[in-house]
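Everything on this sheet refers to the single structure shown next.
All figures in this text were calculated on a predicted structure; none of them were measured in a lab. Below, chain A is the first sequence line, B the second, and so on; all start at residue 1.
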Number of protein chains: 2
Amino acid sequence: MNIAEVSKKFNLSQDTLRYYERIGLIPSVNRNKSGIRDYTEEDCKWIEFIKCMRSAGLPIEVLIEYVSLFGQGDETIEARKELLIEQREQLIKRVEDMKKTLERLNYKIARYEQAVVEKEKTLKRPEN
Amino acid sequence: MNIAEVSKKFNLSQDTLRYYERIGLIPSVNRNKSGIRDYTEEDCKWIEFIKCMRSAGLPIEVLIEYVSLFGQGDETIEARKELLIEQREQLIKRVEDMKKTLERLNYKIARYEQAVVEKEKTLKRPEN
DNA sequence: GTTTGACTTAGAGTTAACTCCAGGTGTTAT
DNA sequence: ATAACACCTGGAGTTAACTCTAAGTCAAAC
């Protein structure tokens, strides 16, 4: 797969794909004889994983660390696990915070709905 | 309340409080005769609301719009409601995405836990 | 065989959201 | 009355995460 195909597949710009590789957010991708990236299935899995984690707000820096640990082999399994557990905790917290904010938004919107009804009443009264 | 107290109360830097006011993210705060901000309870409620919404990821730009609409009075009630509904929808989507990522993290961590066990087994075997 | 188009790299530019700084003013303590 | 301190403003600097640009290479089409 070339970069155009991968870009389309994951809806990430070619620039972003090159940027991710450059900073080590995905392991480096093989090139063909003329220097053009040739993405494997493995590469695609990484990209998909990283995209998913990024969309949930895990910082690039942390994910770079993860990829780097991965590249160092089995001795880093424990460290990778710890890293993921730490990120999971933070994610849980964020989700909980967002749920609370959501409740608050619901409440606020409900009050606005009430306000709109009130306003319509007063607007209509003169016509009656 | 002066800026130092408000800063402490909401755990926002004085710079951030001034910045929020400057860009219209909170309505402008009254000054005393010597030009120093004197925050009212109302001001504090705004700050708390904005902090909450920001922490859930609502963009500053949108919140500025909300504050601006609020400042224009009752004619903007409908528009404010629509804005909040739109943001709620996006928030719901983000929360759902994050939950999916959380599931994925759980799965990945579970596999790492398995891997750690396997590794311990092979490490221990020579000793037995 | 040269033009077109997709790719390459290195590095500069952008955006959102702060964060810091310089220079100035007003109140408080000595 | 002067030093210390908290505040003020306008504007510059920072950070994360892209995004764009310039200059170059290579394969394919005309």
Check: Judged by atom type as modelled, is there a donor-acceptor pair below 3.5 Å linking the side chain of B/K108 to the main-chain atoms of A/L84?
Finding: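 Between the backbone of A/L84 and the side chain of B/K108 there is no qualifying donor-acceptor contact (under 3.5 Å).
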Next item on the list: Check for a donor-acceptor pair, side chain of A/S28 on one end and backbone N or O of A/G24 on the other, with a separation under 3.5 Å.
Entry: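 No, A/S28 side chain to A/G24 backbone: no donor-acceptor pair under 3.5 Å.
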Checklist line | Test: B/K9 cationic atom under 6.0 Å from B/Y39 six-membered ring centre, within 45° of axis | finding: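 The answer is no, since B/K9 fails at least one limit relative to B/Y39.
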Note to self: Reading DNA chain C from 5' onward, which residue's closest nucleotide shows up sooner: B/I60 or B/G35?
What the structure shows: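 Nearest-nucleotide comparison on DNA chain C picks B/I60.
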Margin query: Just checking A/E48: does its CD atom have more than 12 heavy atoms from other residues, nucleotides or ligands closer to it than 6.0 angstrom?
Written below: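 Above 12, so yes.
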What is the distance, rounded to the nearest whole Å, between atom [atom1] of [X] and atom [atom2] of [N]?
X: B/I23; N: D/dG10; atom1: CD1; atom2: C1'; result: 16 Å
X: A/N30; N: C/dC7; atom1: CG; atom2: P; result: 17 Å
X: A/Q14; N: D/dC18; atom1: CD; atom2: P; result: 16 Å
X: B/I50; N: C/dC18; atom1: CD1; atom2: C1'; result: 15 Å
X: B/I64; N: C/dC18; atom1: CD1; atom2: P; result: 10 Å
X: A/E21; N: D/dA17; atom1: CD; atom2: P; result: 18 Å
X: A/L17; N: C/dC7; atom1: CG; atom2: P; result: 11 Å
X: A/N32; N: D/dC26; atom1: CG; atom2: P; result: 11 Å

Looking only at side-chain N and O atoms, does [X] come under 4.0 Å of OP1 or OP2 in [N]?
X: B/Y19; N: C/dC20; result: no
X: B/S34; N: C/dT27; result: yes
X: A/T16; N: D/dT19; result: yes
X: B/N2; N: D/dA6; result: no
X: A/R37; N: C/dT8; result: yes

Have a look at [X] and say if it touches a base, only the backbone sugar-phosphate, or nothing, with a 4.0 Å heavy-atom cut-off.
X: A/R31; value: sugar-phosphate
X: A/I3; value: sugar-phosphate
X: A/R22; value: base
X: B/R18; value: base

Check: Closest nucleotide of DNA chain D for A/K33 versus for A/D15: which of these residues is on the 5' side?
Finding: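 First, find each residue's nearest nucleotide; the 5'-ward one identifies A/D15.
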Margin query: For B/F70 and B/W46, I'd like to know if the aromatic rings sit close, meaning centre-to-centre distance below 6.0 Å.
Written below: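 Yes; B/W46 has its ring centre under 6.0 Å from that of B/F70.
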